[in-house]
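Remarks on the structure that follows.
Bear in mind that the values here come from a model prediction, so they are computed numbers and not experimental data.
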Amino acid sequence: MSLYDNIKCPVCGETFHDGDDVVTCPECGTPHHRECYKKLGKCVNTSLHNTDYLFNRESESNASTPKTEANNADVFYSPDKVGEETESLKTCPVCNEKIPTDASTCPNCGARQQNAASGQFTFPFATNQNNGANSEIENSSDKIDGVKLKDAAIVLGVNPLKYLIKFKKNRKINWNWSAFIFGPYYFFFRKLYLPGTIALAIQIACRLIVYTFFSKELTSVMNSFEKVFNIKDASQQLDAMTKLSQTAEYGKAMLASVIIMSAIAVIHFVSALIADSIYRKKVINIVKTVDEKLENNEAFSLAGSLMEMYDHDMSTDEIRNQLIARQGGVSVFAPLIALLAVNIISGFLP
C-alpha cells in the first residue's frame with residue numbers, strides 16, 4: 001500500500017498510486033506529484049506556512065473533514081479539498097495554469113496578475129527550465145559587469161539560463177544557432193533593433209549592387225522565362241529551357257544569384273558569431289540605464305503609469321523590476337514587421 005493511499009495531489013487532483021514520483025513540502029509535509037510541484041513552483045499550501053499548519057497522513061475516513069483541535073500538529077487539510085477550503089489556487093489568464101491566488105506574477109509564464117497584491121517580483125523563467133537552477137540564479141550574488149544574475153535574467157525573459165552561462169564566459173566570439181538560422185530577424189526578435197537594421201541594410205545593399213551590375217542579364221533571363229512558361233507543349237518548353245540555360249545571359253544571371261545567396265550566408269554566419277556579444281552588452285546596459293533613471297527620478301512618470309495599470313501601489317524594487325522586464329524580453333511582431341518591410345523594399349528593386 002502506498003504511503004499516500006487514497007490521497008490526491010492538491011495540484012492535479014489525481015489520486016497517488018504505487019510507483020508515483022511524490023515529493024513533500026519541506027515546511028508542511030504536503031505531498032505533490034514531482035512534476036506538479038515543479039509546474040507550480042512551490043507548495044500549494046504556501047499561504048499556510050506562516051501558521052502552524054502541518055500535513056497529517058491520516059486515514060481516508062478522517063480526511064474528509066478538516067480538524068481544528070488545539071493540537072496543531074494534528075491539523076489536517078484534505079488534499080482534494082485544499083484548493084476549495086483555502087482558495088489557494090486560481091487560473092492564470094495568460095497560460096491557463098493553476099497558480100497561488102496571492103501570486104503577483106505567474107510562476108509558470110511570468111505574466112503579471114491583475115488585482116494582485118503588491119509583492120515580490122517573480123521573473124519569467126521559461127517553463128522547461130530547472131527550478132533548482134532558477135532558484136540558484138534568483139538568490140545568487142554573482143554579477144556580470146556589475147549586474148546581478150537575477151537582473152540579467154529579468155531582461156532576458158526567455159531561455160535566461162542558456163544566455164547567462166554564455167554571458168559569464170564573456171567571449172567576444174561565440175556561436176548562436178538561432179542567429180545563424182534567422183539572421184537579421186533574430187536581432188529583431190531579441191529587440192536588438194540597431195544591429196538588426198544594419199544587417200538587413202547590408203543585405204538589401206548587396207542585392208541592389210548585384211541587380212544593378214547584372215541588370216541587363218537578369219532582365220533578359222526573366223523575359224525569356226516568361227516566354228518559356230507560356231509554351232503549352234511540354235517537349236517544346238523543355239527544349240526552350242535547355243537552350244536558355246546554355247546562353248551567356250543565363251550564366252551571368254545564375255552568377256548574380258550565387259553572389260546574393262553567398263552574401264546572405266555571410267551575413268547569417270557573422271550574425272551567429274557576434275550576436276551573443278551584442279546581446280550581452282544590451283542586457284547590461286538596460287539594467288544600468290534603469291538604475292540611473294531611478295536615481296535621477298527620471299522614471300517617475302513610468303512608475304506612475306505602472307501603478308495605474310496594476311491598480312495598486314508598488315514598491316521601488318517592484319517598479320525597478322517591471323521597468324527592466326519591459327525593456328527586455330522578446331518581440332514576436334518586430335521580425336514580422338522587418339520581413340514585411342524587406343518585401344516592400346524588394347518590390348522596388350530592378
Side-chain angles (χ1 to χ4, degrees), residues 109-110 123-138 140 142-207 209-210 257-289 324-325 327-343 346:
C109 68
F123 48 89
F125 282 115
T127 56
N128 61 345
Q129 299 293 336
N130 179 273
N131 284 329
N134 293 345
S135 178
E136 182 179 350
I137 290 175
E138 188 172 6
S140 175
D142 292 346
K143 295 182 177 181
I144 301 174
D145 290 356
V147 172
K148 292 182 178 180
L149 295 185
K150 175 183 176 181
D151 294 335
I154 295 174
V155 179
L156 290 166
V158 178
N159 293 331
L161 297 178
K162 179 183 72 174
Y163 284 98
L164 289 177
I165 293 173
K166 292 182 178 181
F167 290 173
K168 290 181 70 175
K169 295 178 180 179
N170 193 21
R171 295 175 179 173
K172 300 298 181 182
I173 301 296
N174 209 344
W175 185 259
N176 187 315
W177 277 107
S178 297
F180 177 72
I181 295 172
F182 298 103
Y185 303 104
Y186 165 82
F187 293 114
F188 286 95
F189 177 71
R190 283 288 175 176
K191 296 184 178 180
L192 299 167
Y193 302 124
L194 180 58
T197 302
I198 292 174
L200 281 182
I202 294 174
Q203 181 174 308
I204 294 173
C206 290
R207 292 178 61 181
I209 292 172
V210 172
S257 299
V258 170
I259 294 174
I260 293 174
M261 295 302 296
S262 298
I264 293 175
V266 169
I267 292 172
H268 281 234
F269 182 79
V270 174
S271 297
L273 293 177
I274 66 176
D276 288 339
S277 178
I278 295 175
Y279 196 22
R280 184 180 187 275
K281 293 179 181 178
K282 172 76 172 182
V283 169
I284 294 171
N285 183 62
I286 286 177
V287 177
K288 291 184 176 180
T289 300
I324 291 175
Q327 295 190 44
V330 298
S331 173
V332 177
F333 296 103
L336 296 178
I337 294 173
L339 179 61
L340 178 62
V342 169
N343 288 334
S346 299

With V342 via side chain to side chain contact (heavy atoms under 4.5 Å, CB included) - residues at least two apart: Y185, L200, I204, S346
Contact check, side chains of L156 and Y279, non-hydrogen atoms, under 4.5 Å: yes
Min side-chain heavy-atom separation V147-K288 under 4.5 Å: yes
R280: side-chain hydrogen bond (donor to acceptor under 3.5 Å, both in side chains) partners, not counting sequence neighbours: D145, N170
Partners passing salt bridge (charged side-chain N to carboxylate O under 4.0 Å, His left out) against K168 (at least two apart in sequence or in another chain): D142
CG-CG distance between N174 and L273, expressed to the nearest 0.5 angstrom: 8.5 Å
Contacts of F269 that satisfy ring pair (Phe, Tyr, Trp, His ring centres under 6.0 Å) - sequence neighbours left out: W175
For A179 against A272, the heavy-atom pair lying closest together: CB-CA, 3.8 Å
Nearest non-hydrogen partners of I267 and A199, listed with the distance: CD1-O, 4.0 Å
Distance in Å, I202 CD1 paired with I198 CD1, rounded so as to fall on 0.5 Å steps: 7.0 Å
Salt bridge (charged side-chain N to carboxylate O under 4.0 Å, His left out) partners of K166, counting only residues at least two apart: D276
V155 and its side chain to side chain contact (heavy atoms under 4.5 Å, CB included) partner, picked from V287, I284, N285: V287
Salt bridge (Lys or Arg N to Asp or Glu O under 4.0 Å) contacts in which one or both residues fall within residues 170-186, not counting sequence neighbours: none
Listed partners of S262 passing side chain to side chain contact (heavy atoms under 4.5 Å, CB included), at least two apart: V258
Atom pair CD1 (I286) and CD1 (I154), whose distance is rounded to the nearest 0.5 Å: 11.5 Å
For Y186, side-chain hydrogen bond (donor to acceptor under 3.5 Å, both in side chains) partners two or more places apart: Y163, N176
Got a list of side-chain donor-acceptor pairs under 3.5 Å for residues 329-338, not counting sequence neighbours?
from : atom 1 : to   : atom 2 : distance (Å)
S331 : OG     : A334 : N      : 3.1

Contacts of I264 that satisfy side chain to side chain contact (heavy atoms under 4.5 Å, CB included) - sequence neighbours left out: Q203, I260, H268
Partners meeting side chain to side chain contact (heavy atoms under 4.5 Å, CB included) with K148 (sequence neighbours left out): K143, D151
Minimum side-chain heavy-atom gap L194-I278 below 4.5 Å: no
Heavy-atom check, side chain of F188 versus side chain of Y193, under 4.5 Å: yes
Rounded distance (nearest 0.5 Å) linking atom CG of L192 with atom NZ of K281: 12.0 Å
